Structures are given as C-alpha cells and as structure tokens.
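Reading through the structure tokens given below for one structure.
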Amino acid sequence: MVAGADVIVVGAGVVGAAVAEALSRTGRSVHVVEQGLPGGAVSGASLACIGTHMNDEEELPFLKWCCDEWAAFDAHTPTFEYDRCGQLRFLKQESELNSARHWIDVERNAGLAPELLDPAEVRRIEPLLTGPIHSATWSPNSAVVNPFLAVRMLLETAQAQGVRLTSRAPATKLRLKGDRVIGVETSAGPIDGDHVVIAGGPWTAKLAATAGVDLPIVPRKAQCLATVSQPRSIRTVVGACKAEGGVDAGYTQIQQAMSGQILFNTVLEGGVTAHGSPDAVPEVDRAFIRDSVETLLFLFPSFAEIELLRSWVRYEAVTPDDRFLTGPVGPDGLYIAAGDGGVGFCRSVGMGRIIADQIEGRPSPFRTDLYDPARFERRQAA
Ligand SMILES: Cc1cc2nc3c(=O)[nH]c(=O)nc-3n(C[C@H](O)[C@H](O)[C@H](O)COP(=O)(O)OP(=O)(O)OC[C@H]3O[C@@H](n4cnc5c(N)ncnc54)[C@H](O)[C@@H]3O)c2cc1C
C-alpha cells in the first residue's frame with residue numbers, strides 16, 4: 001500500500017501540476033500519480049501561449065487572472081522561459097474588420113489594451129511579417145512559456161511544500177465506499193485518499209467511468225510543425241483574426257521557441273476531427289502540412305528556404321462547449337479538471353485554484369459555473 005493523502009491528483013500534465021501546486025498552499029497532504037512522465041502527454045506538445053486575446057468573452061476575467069498568475073510564477077521562479085512577447089492576429093481582408101473591432105472593444109472594456117495596426121505598424125513589431133495582410137490586432141499582454149519547464153516548475157514548487165509524486169504508475173480504478181471515493185488503485189498499489197482529482201487530459205473519462213461517471217470528453221487531433229533552428233526572427237505569437245471567414249474560419253498559430261525552432265500550425269475549418277484515441281501516435285495530415293506551410297509563407301515570404309525538422313500529433317480532450325469540466329462530480333470526494341478544448345495551458349493555473357477553493361470550501365475569485373461538470377445534464381433537464 002502506497003502512503004495515503006488528503007488529496008490524490010491523477011495526472012501530471014500542466015493541469016494536474018497546477019492543481020497540486022494550488023493544493024500545496026492549503027497545507028493538505030497531496031499525492032500526484034502519473035502513468036507516464038510529467039508533461040509527457042498533451043502538455044509537452046503544447047505551444048503554451050498565455051493570453052486573453054480573441055479567446056472567450058465570458059472567460060475574460062478568469063483569463064486575466066490566469067495571465068497574472070503565470071506572471072507571478074515567473075517573478076518568483078523564473079525557470080520556465082516565460083516571455084511576455086505579445087500577440088498579433090492578422091486580418092487577410094477588410095471583411096474581418098468588424099470582428100477585430102468587436103474583440104478590441106470587448107477587451108478594452110475589460111481593462112486590456114489591444115489595438116488595430118496597419119501593415120507598416122505591424123512590421124515595426126514583427127519586421128519579417130511582410131506578407132500582404134490587410135491589418136492586424138495587437139495584444140501586448142500575451143506570453144509564451146516552455147511547456148516542459150512550466151510543468152516542472154509547478155511540480156517542483158508543489159513538491160517543495162511536501163506534495164508527493166509517483167511517476168509511471170497508472171491509476172486503474174477509483175475506489176469507493178458507498179457514495180464516497182476513498183482512493184485509487186494504481187499499478188504501484190492502492191492509495192487511500194479523501195479526495196481524488198482526475199486531471200488526466202484525454203484519458204479522464206476512462207478513469208471516471210470506473211466509478212460509473214459518464215463524462216462528455218472526446219479526444220481531438222492537434223498537430224504541429226517545427227523548422228530547424230533559426231536566428232531570432234519571430235518576436236511575437238502570430239495568429240489569425242478570430243472572425244467569420246478569417247483564415248477560412250480555422251485557426252493558426254506561429255511562434256519561435258527559445259531553441260530557435262519556428263513552431264507553427266494552421267487548421268482550416270473541417271480540418272479538426274473528434275475521432276481517435278489518446279493512445280494513438282499517428283502522423284500529421286498532408287493537408288495540414290500544406291495549409292500550415294502556405295500560411296507561414298503568406299505571412300513570412302522570406303522563410304521559403306527554411307527546412308522542416310519535425311511534426312507531432314496529440315489527442316487533446318474536448319467537451320461539447322470547448323470549456324473545461326472542473327469541479328465535483330459523481331461520488332462524494334471526486335473532482336474533475338479536464339476537457340480543455342485545446343486552450344488549457346493558460347487556464348491550468350485557474351483550474352488549480354478552482355479545485356483548491358472547492359476542496360477547502362472557499363469562494364472562488366471568478367465564475368466557476370462555466371466549468372461545472374454537470375452543466376450539460378442541467379441544460380438538458382431545463
Ligand atoms: C499543438 C498544441 C498547441 C497548443 N497550444 C496551446 C496554447 O498556445 N495555449 C494554451 O493555453 N493551450 C494550448 N494547447 C492546449 C494545452 O496544451 C492543453 O490544454 C493542456 O496541456 C492540457 O493539459 P492536461 O494536464 O489537461 O493534459 P495532459 O498534458 O495530457 O496531462 C494529463 C496527464 O494525465 C496522465 N494520466 C491520464 N490518465 C491517467 C491515469 N489513469 N493514471 C495516471 N496518469 C494518468 C497522462 O499520462 C498525462 O500526463 C495546445 C495543445 C497542443 C497539442
């Protein structure tokens with residue numbers, strides 16, 4: 001029998017690490033179990049942009065809180081390549097202006113400072129972005145982090161407060177006594193716990209099902225490309241305006257890692273799929289490569305001769321409304337923090353705070369109803 005804890009956190013991706021860190025501040029004993037290695041699943045595949053821009057109107061106060069929290073971690077423990085580089089969202093045509101202006105108004109009303117820039121102003125910020133764009137929005141508060149180092153920082157901060165971590169130990173089953181969860185079975189033996197938080201990314205529903213809990217999480221393919229290392233050439237995170245028809249209504253993200261590799265992806269509408277298995281390791285789609293390279297060269301024509309180095313695919317956890325399931329569900333003592341919809345790196349620290357507040361019975365500083373795991377059942381009943 002592995003030593004028990006007040007709280008068992010299943011999963012050491014960025015969400016499980018953030019939950020463990022937030023709980024470590026409460027003085028409770030916490031044990032994290034990870035089936036592989038920390039950060040080795042979706043989190044390690046992430047572009048890890050931290051920001052509020054063109055994201056989710058209802059979540060704006062929460063996103064601001066998360067951005068501030070990441071900045072505070074950097075101020076205290078500057079070990080995870082936090083770079084407050086800002087974000088540009090390009091517009092290809094005038095028809096995208098309404099949407100860009102809408103987002104700028106919404107974010108300014110929330111106290112943020114996005115702007116609309118013409119191509120010459122864009123090039124003062126991003127000199128190699130010489131492609132024929134109409135304009136771009138600029139959000140100065142966005143940042144990027146190194147995803148592996150960020151997970152490590154959160155876990156080490158938690159471990160310094162006494163949190164235990166057991167890697168390579170899959171949790172195979174939730175243990176129940178009547179209507180209460182009393183721990184988990186793992187490959188390293190059973191662990192007693194008064195509370196269990198499943199932060200298992202796309203594997204979450206499988207473990208929850210062992211307690212009869214049915215979660216609406218499906219795995220969705222996420223893909224990315226990287227070039228060989230380049231001298232510093234992209235300074236910001238570059239994306240497409242969130243607009244009807246913007247980059248054919250899909251999404252794109254381009255940035256340069258500290259290693260010099262240019263990381264980029266473009267997914268056009270219809271290019272994402274909910275099918276697949278979190279354990280699958282397929283190749284990236286050819287159409288994805290073509291669309292991503294086309295967008296990169298549309299914006300940065302001078303990159304035409306740069307060689308591709310690698311590509312990767314991960315299945316991320318998606319819910320019907322693309323928002324996390326975070327909170328209590330099913331038997332007493334069971335909590336979920338998963339289903340990020342592909343934007344969970346930024347939000348992870350807030351998810352940690354929500355779970356810690358709920359376990360402690362404290363009010364949260366932001367809305368938690370948006371993430372209530374029972375929201376779909378409630379809507380159906382209504
Ligand atoms: C290409 C790409 C780009 C992205 N870009 C961004 C971005 O710019 N900004 C942003 O905010 N987000 C981004 N995301 C999304 C973000 O990375 C994810 O939302 C986040 O990493 C999810 O973290 P997680 O901890 O929930 O999942 P994971 O990292 O998958 O962690 C879950 C962990 O639980 C473990 N686990 C599961 N089941 C068990 C079990 N039964 N027992 C033990 N361990 C278990 C797994 O092994 C895994 O380590 C991106 C994702 C991808 C793939």
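In listed order, ligands and their atoms are each counted from 1. A quick note: this is a predicted structure, and the numbers were derived from the prediction, not measured.
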Which bit of F345 gets closer than 4.0 Å to ligand 1, counting heavy atoms only: side chain, backbone, both or neither? both

min-distance protein heavy atom vs atom 41 (N) of ligand 1 -> A171 O, 2.9 Å

Ring geometry between F300 and F303 (parallel below 30°, tilted from 30 to 60°, perpendicular above 60°): parallel

Parallel, tilted or perpendicular: which describes the rings of F366 and W65, with under 30° parallel and over 60° perpendicular? perpendicular

Counting each atom of ligand 1 from 1 as listed, which ones have a heavy atom of A222 under 4.0 Å away? 53 (C)

Does the side chain of F80 come within less than 4.5 Å of L154's, by heavy atoms? no

Heteroatom distance test (V10, ligand 1): nitrogen or oxygen, under 3.5 angstrom: no

Identify, by atom number and element, the atoms of ligand 1 in contact range of V14, meaning under 4.0 Å from any of its heavy atoms. 20 (C), 21 (O), 23 (O), 25 (O)

Location of contacts on D340 toward ligand 1, heavy atoms closer than 4.0 Å: side chain

Any idea which atoms of ligand 1 are less than 4.0 Å away from a heavy-atom of A41? 30 (O), 48 (C), 49 (O)

Please confirm whether G342 approaches ligand 1 to less than 4.0 Å, judged on its heavy atoms. yes

Closest to atom 32 (C) of ligand 1 (heavy atoms only, candidates A199, G11, G16) is A199

Charged tip of K221 within 45° of F288 ring normal and under 6.0 Å: no

Using non-hydrogen atoms of the residue, decide whether Q253 is closer than 4.0 angstrom to ligand 1. yes

Ignoring angles and geometry beyond distance, decide whether E34 reaches within less than 3.5 Å of ligand 1 through its nitrogen or oxygen atoms. yes

Selected option - heavy-atom contact closest to atom 4 (C) of ligand 1, from L47, V15, V19: L47

Out of S46, P147, G44, S187, who gets a non-hydrogen atom closest to atom 17 (O) of ligand 1? S46

Would you check the N or O atoms of G344, main chain and side chain alike, for any that come under 3.5 Å of an N or O of ligand 1? yes

Please classify the E316 to ligand 1 contact at 4.0 Å (heavy-atom distances, strictly less than): side chain, backbone, both or neither. side chain

Heteroatom distance test (V42, ligand 1): nitrogen or oxygen, under 3.5 angstrom: yes

Would you mind listing which atoms of ligand 1 come within a distance below 4.0 Å of any non-hydrogen atom of V33? 43 (C), 44 (N)

Any atoms of ligand 1 less than 4.0 Å from a non-hydrogen atom of A45? List them with their elements. 1 (C), 2 (C), 52 (C), 53 (C)

Is it true that T157 and E21 share a donor-acceptor pair across their side chains at a distance under 3.5 Å? no

